[in-house]
Structure formats: structure tokens, C-alpha cells
Asker: 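Please see the structure below; I have some questions.
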2 protein chains.
Amino acid sequence: MDSHNPSAPDTNRSLPIALLRAREKVMGPIRAMLADVGVTEQQWRVLRVLAERGTLDPTEIADRSCLLMPSLTRILQTLTTKGLITREAHPTDKRRQLVSITAEGRQLIADNLKESQRLNAWLRDSFGADKLDTLLDLLNELDRLDRDPRG
Amino acid sequence: MDSHNPSAPDTNRSLPIALLRAREKVMGPIRAMLADVGVTEQQWRVLRVLAERGTLDPTEIADRSCLLMPSLTRILQTLTTKGLITREAHPTDKRRQLVSITAEGRQLIADNLKESQRLNAWLRDSFGADKLDTLLDLLNELDRLDRDPRG
DNA sequence: CGCTTATACTTAACATGTTAATAGAAAACG
DNA sequence: CGTTTTCTATTAACATGTTAAGTATAAGCG
């Protein structure tokens, strides 16, 4: 088929690429929805986490929303400017902060939650509930694999 | 469990997040390998595509390496500076270019291909060949889903 | 208590992601 | 043939990804 490099796998069989394409497929419509409201996918994740869990410190937000601290620092600044979150100092530990979502932030979530659920339902219907569950199981299992293959 | 927002799915059951985490798990070791050589994951993808397919125009590179044109433009500039690729004008269509990998670029790939394959083998062994195939099938199928859920 | 180490961000620097606008050239079309 | 449309690639502008360094505070320890 290809005389250039037979040892390289087809991109369809490359897990990193396949994950990339799948993510793009799922995120495309979500990004389109959020663009109308003026928040990014990552900002939306942060707001969702805060709405779900209540007041959190940045470290836990980063963990739950899958963001690195440097990214989160900038995102929290942006969200504060937009009036969607507030930050206050931790009462006993001056290194830490406490981040909360504002009423305005909750309203933004409320305004988009229905559409978000509609997209989820579309995915479940189009792809199949059983396949979706299998896929999620496999992805979670992959994520729990042993640390590092450097042995 | 959580009185804040019962309608929001657990992040483990959120496909976008699950895809993100899985990708990070797979890419971490690869990035570490590439960092030692001084190329990024995306630059590596471009070089791989060129090594596999030979001379290509930027549009096809973008398609095959899953990069957007603006990103690719910058990456091609970087790779040219590093002496890993060359660019020439298309003989008949002055809008287009022809990009080729240099001997130095091929050498970089050769130097890292074995380790790359070792990481692939580790993944296959740790995760299981059957599960990996199932996962790839599901991801590819997801990618082929109907265009847009806007209807 | 004073020193060392660890923790919680923050900043910096560079690369990419993402959308929109742009410039140049080819193709379509009246 | 000339105009309009489409295509290719770049640039711009802003947000995030990523690694390393910096800053301030807390915790551990002799």
C-alpha cells in the first residue's frame, strides 16, 4: 500500500489521533453553543465544577476540571472579570483561596444546561447507549492504567 | 450524594473529560520521549505523516495530522528553521506548496521509532489487545457519526 | 525559635487551539 | 474576457497547553 514507512500505524489505528478526532467530534457542538454565550469550553468546565461542588480552592478546581494550574490561574482571572465567580482568601491558610460561583454564573449555566443535555441525548441516541457506556468504561479503565511505562 | 446540581453527570461519565484524561494518559510518555529530542507532539505528527506519505501540500498534512491550518503554518515554519523539512512552490498552482521531510528529519524519526513502538507495545500489553481494538473501533465509529446535532 | 522543606498559587516563555480576517491565485461563469 | 467565487495559505488576536522558575506561606524538625 505504502512503500514509505510500513512500520507506522494507520492514523485510524493510532490511539492518540483517534482520541483527538473523537474529542473534536463531541466538543464541536458544545463549543458552538458556548461561543454564543461568550465562554470557552474550559471556562464552562470550571463553572460546572463550582456549580456542582460549591466553593472550592483552585487546586481542587484544577483537578476536577482537568486543567493545569497555570491555565486555571488565567481562567479564574477571566471569570472574575466577567463577574461569573468570586475569590476570597482562605480564613486560616493565606496561601489558599476560596472560589465561588456568582448568581450570574449560575444563571449562565441554567441558560445552557438544557441545550447541553440535548446534545448529550443526541450523542446517546446516535451512537447508542450501550456503546457509549462501553466506551466510557474503556476510557476510564485506560486512565487507571499503571503510572508510567518507563521500566 | 451532592445537593448542588444533581443534573450534572459525574466527570467520569462525561465523554469530553474522559477523552481528555485518556489522551493525557497515552500522550504523557510520548511527550516525555519527544521532549528529549526537542520536538513537540504536533511536530512529531507532521514529520510522521511526511515520512509515511512522502511530499505533501500543507492542506493534506493538516488533514492527516489533525491540525488546523493556522497551527500548521507555524509548525512548518518551526520545522523549516530546525532543518527537518523543506518547502518548494507547486509547479503549476502558485497557491500551493510542496513539503518534504529532510534526511535530518528522517533521522529524527528513526532515532525515536523504536521507543515509540515500545510505548505502543506497553499500552497493548497493559491494557489488553482486545480492549485496545474495541476502543479504537468505538472511537472511529464515533468519529463517523452524522455531522451536526443541530436539527 | 530558626532553618529546611513542602505547598499553593503565580509568572514567564514558548507552542498550539480557535475563530475571523486577509492576500493571492485558480476556477467558475456570464 | 472580465467579474465573481472558491481555494490555499498566512496573519491577527485571544485563550489554553506545557514546562520551568518564582513568591509567599505553612509545616516539619532539630
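In this text the structure is predicted, and so the values were computed from the model without any measurement. Chain A is the first sequence line, chain B the second, and so forth, proteins listed ahead of strands; every chain is numbered from 1.
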Asker: Just checking Arg74(B): base, sugar-phosphate only, or nothing, at a heavy-atom cut-off of under 4.0 Å?
Answerer: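 Arg74(B): base contact, heavy atoms under 4.0 Å.
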
Asker: Side-chain contact test, heavy atoms from C-beta onward, threshold under 4.5 Å: evaluate it for Ile101(A) versus Val46(A) and give yes or no.
Answerer: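 Heavy-atom side-chain distance check fails, nothing below 4.5 Å.
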
Asker: Return no unless some side-chain N or O of Gln97(B) is found under 4.0 Å from OP1 or OP2 of dT10(D).
Answerer: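 Yes.
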
Asker: Return the value, rounded to whole Å, for the distance between atom NZ of Lys94(A) and atom P of dT10(C).
Answerer: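 So the two atoms are 16 Å apart, to the nearest Å.
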
Asker: Are OP1 or OP2 of dT10(D) and a side-chain N or O of Thr73(B) less than 4.0 angstrom apart?
Answerer: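 Yes, within the criterion.
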
Asker: For the pair made of CZ in Arg96(B) and P in dT6(D), what is the distance, rounded to whole Å?
Answerer: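 In whole Å, dT6(D) P lies 19 Å from Arg96(B) CZ.
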
Asker: Name the residue closer to the 5' end of DNA chain C, choosing between Leu68(B) and Pro58(A) according to the nucleotide with the nearest heavy atom.
Answerer: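 This one resolves to Pro58(A).
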
Asker: OP1 or OP2 of dT16(C) less than 4.0 angstrom from a side-chain nitrogen or oxygen of Gln43(B), does that happen here?
Answerer: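 True: Gln43(B) side-chain N/O within range (under 4.0 Å) of dT16(C) OP1/OP2.
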
Asker: Are Thr40(B) and dT16(C) close enough that a side-chain N or O sits under 4.0 Å from OP1 or OP2?
Answerer: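 Yes, within the criterion.
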
Asker: By nearest heavy atom, map Leu20(A) and Glu60(A) onto DNA chain C; which one lands nearer the 5' end?
Answerer: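 Per heavy-atom nearest nucleotide, the more 5' residue is Glu60(A).
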
Asker: Can you tell whether the side chains of Arg118(A) and Glu115(A) come within less than 4.0 Å, N to carboxylate O?
Answerer: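 Salt bridge between Arg118(A) and Glu115(A), a charged N being under 4.0 Å from a carboxylate O: yes.
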
Asker: Return no unless some side-chain N or O of Ser71(A) is found under 4.0 Å from OP1 or OP2 of dA15(D).
Answerer: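 No, Ser71(A) has no side-chain N/O under 4.0 Å of OP1/OP2 on dA15(D).
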
Asker: Looking at Arg45(B) and Leu20(A), what are the two nearest heavy atoms and their distance?
Answerer: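 Smallest heavy-atom distance, with atoms named: NH2-CD2, 3.6 Å.
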
Asker: I'd like to know whether Arg48(B) forms a side chain to side chain contact (heavy atoms under 4.5 Å, CB included) with Ser116(B), so could you lay out the CA-CA distance, the side-chain angles of the two residues, the decisive distance to 0.1 Å, and finally the verdict.
Answerer: CA-CA 12 Å; Arg48(B) 283 283 294 263; Ser116(B) 172; 3.8 Å; yes

Asker: Expressed as a whole number of angstroms, how long is the span from Leu76(B):CG to dA9(D):C1'?
Answerer: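 Distance check: Leu76(B) CG to dA9(D) C1' gives 10 Å.
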
Asker: Looking at dC7(D), does its base get a donor-acceptor pair with the side chain of Arg95(B) below 3.5 Å?
Answerer: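 Yes, the side chain and the base share a sub-3.5 Å donor-acceptor pair.
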
Asker: Looking only at the side chain of Arg31(A) (C-beta and beyond, no hydrogens), which of the listed nucleotides dT19(C), dT11(D), dT19(D) gets closest?
Answerer: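 So the side chain of Arg31(A) is nearest to dT19(C).
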
Asker: How many whole angstroms separate atom CG of Asp63(B) from atom C1' of dC7(D)?
Answerer: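 Those two atoms, CG and C1', are 15 Å apart.
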
Asker: Just how far, in rounded Å, is P of dG17(D) from CD of Gln42(B)?
Answerer: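 Roughly 12 Å, once rounded to whole Å.
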
Asker: Using a 4.0 Å heavy-atom cut-off, does Leu72(B) contact any base of the nucleic acid, only the sugar-phosphate backbone, or nothing at all?
Answerer: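 Since no nucleic acid heavy atom lies under 4.0 Å of Leu72(B), the category is nothing.
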
Asker: Atom CG of Asp93(A) and atom C1' of dT25(D): how far apart are they, to the nearest Å?
Answerer: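 The distance from CG of Asp93(A) to C1' of dT25(D) comes to 7 Å, rounded to the nearest Å.
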
Asker: Where the side chain of Pro70(B) is concerned, which of dT18(C), dT25(D), dC9(C) is the nearest nucleotide?
Answerer: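 Looking only at heavy atoms from C-beta outward on Pro70(B), the closest nucleotide is dT18(C).
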
Asker: Counting the atoms with a prime plus P, OP1 and OP2 as sugar-phosphate, which does Ile75(A) contact under 4.0 Å by heavy atoms, base, sugar-phosphate, or nothing?
Answerer: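 Sugar-phosphate contact only - Ile75(A) comes under 4.0 Å of backbone atoms but never of a base.
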
Asker: Expressed in angstrom and rounded to an integer, what is the separation of Asp36(B) atom CG from dT19(D) atom P?
Answerer: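 Roughly 12 Å, once rounded to whole Å.
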
Asker: So that I can tick it off, tell me whether Arg95(B) and Asp57(B) are bridged by a salt bridge, with the cut-off set at under 4.0 angstrom between side-chain N and carboxylate O.
Answerer: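 No salt bridge links Asp57(B) with Arg95(B).
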
